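Being a predicted model, the structure only gives us computed values, none of them experimental. Any value given below was found using the heavy atoms of this structure, including those in side chains, with hydrogens, waters and symmetry copies removed.
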Amino acid sequence: MRFHSLALCILLLCGCGKTEPVDPAPVTATPSKPQIYTVNYPLAWLAQELGGDRVQAVFPAPADADPAYWKPDAEVIGLYQRADLVLLNGAGYAKWVSQASMPSSRLIDTSERFHNQIIYADKGSVHSHGPEGEHSHGEAAFTLWLDPVLMSLQARTISAALEKMLPDDQQGIDQRLVAMRARTGKWNTELHRTFRLLEEAPVLFSHPDYQYLQQRHELNGHALHWEPGQAPSDQQWRQLEALLENHPAKIMLWEDEPLPQTADK
């Protein structure tokens, strides 16, 4: 049951390719609320929780896109350009932002507070999933929100930007930040208690996206390149068999439910 709770918590913290888009509001001349556009769902969720009903947080990527490698078209970039705030993840995430012309005063790098904690890895193997085509998970690791401590720091940066934009709601934003930090603290404690049960036992990750979770909780993990919606090839099964000889893991973390035949095998 504890590992079942862990799986639910990991899914809530959002995997690499799992997206839950926050639909953009209809474009109007005078939006009723400040528009906050983000480059992924975790940031949109944080912004909406911290801003409450005073803001509208928007994450416009389609549901079948991997937001880390998604490239918006000109119309959607125009929505970002007109937004009151644009929240960035940092760590090399959403590289299209560097090629788009947007007011720097409205761009908020939510990882700026902890840039010295960014994990850099060797360039990974090239693979593909979704319509974005081939890409690699090397260089900077960007799934910062899988470490609730770092997610809490992102929340502090977002709340500071919101207070500048909504000076009459500083008290409300501060109260919501306190509540958010309590939630992320609880998540971190629950993850720590669950992973402590492993007692350094080896684990597998379906994708090379769990670096911050692994570092925070000192997991003895090894990452694969397996997609939950695709059946592993014979070569991938052979590679797994060879890996298990020296890394005999009995637990594997996925960003989404794998195919039934994969789970059975």
Using a 4.5 Å cut-off on heavy atoms from C-beta on, say whether the side chain of [Y] contacts that of [X].
X: Pro208; Y: Phe205; result: no
X: Asn220; Y: Val203; result: no
X: Ile158; Y: Leu177; result: no
X: Val58; Y: Thr38; result: no
X: Asp109; Y: Leu87; result: no
X: Phe142; Y: Ile118; result: no
X: Thr262; Y: Pro232; result: yes
X: Leu224; Y: Leu240; result: yes

Roughly how far, to the nearest 0.5 Å, is the [atom2] atom of [Y] from the [atom1] atom of [X]?
X: Gln56; Y: Ile36; atom1: CD; atom2: CD1; result: 9.5 Å
X: Asp209; Y: Leu253; atom1: CG; atom2: CG; result: 11.5 Å
X: Glu139; Y: Lys95; atom1: CD; atom2: NZ; result: 5.5 Å
X: Gln175; Y: Met180; atom1: CD; atom2: CE; result: 14.0 Å
X: Leu79; Y: Gln35; atom1: CG; atom2: CD; result: 9.0 Å
X: Lys164; Y: Ser159; atom1: NZ; atom2: OG; result: 11.0 Å

Tell me whether [X] contacts the main-chain N or O of [Y] through its side chain, where contact means a donor paired with an acceptor under 3.5 Å.
X: Lys71; Y: Trp96; answer: no
X: Ser152; Y: Pro148; answer: no
X: Gln81; Y: Ser101; answer: yes
X: Thr194; Y: Glu190; answer: yes
X: Glu163; Y: Asp168; answer: no
X: Gln48; Y: Ala57; answer: yes
X: Tyr210; Y: Thr143; answer: no
X: Arg106; Y: Ala83; answer: yes

Ring center gap for [X] and [Y] short of 6.0 angstrom:
X: Phe59; Y: Tyr41; answer: no
X: Trp226; Y: Trp237; answer: yes
X: Trp70; Y: Tyr93; answer: no

**Request:** Using the test salt bridge (charged side-chain N to carboxylate O under 4.0 Å, His left out), find all partners of Arg176 that sit at least two apart in sequence or belong to another chain.
**Result:**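 Asp169.
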**Asked** Pick from Asn89, Thr110, Leu150: which one makes a side chain to side chain contact (heavy atoms under 4.5 Å, CB included) with Trp145?
**Response**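 Filter result, single survivor: Asn89.
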**Prompt:** With a 3.5 Å cut-off and no angle check, do the side chains of His207 and Glu227 form a donor-acceptor pair?
**Reply:** yes
**Asked** Do we see a donor-acceptor contact under 3.5 Å between the side chains of Ser206 and Glu255?
**Response** yes
**Asked** Does atom CD of Gln261 have more than 12 heavy-atom neighbours, drawn from other residues, nucleotides or ligands, at distances under 6.0 Å?
**Response**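 Enclosed.
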**Message:** Determine whether Val97 and Leu88 satisfy the following criterion, side chain to side chain contact (heavy atoms under 4.5 Å, CB included), listing intermediate values before the conclusion.
**Reply:** CA-CA 9 Å; Val97 173; Leu88 307 178; 3.9 Å; yes
**Item:** Arg156: partners by side-chain hydrogen bond (donor to acceptor under 3.5 Å, both in side chains), with sequence neighbours left out
**Value:**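 Here no residue qualifies.
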**Message:** Go through it in stages, so that I can follow the logic: the residues are Arg113 and Gln154, the test is side chain to side chain contact (heavy atoms under 4.5 Å, CB included), and I'd like the CA-CA distance, side-chain angles, deciding distance and then a yes or no.
**Reply:** CA-CA 8 Å; Arg113 289 177 180 267; Gln154 287 182 297; over 6 Å; no
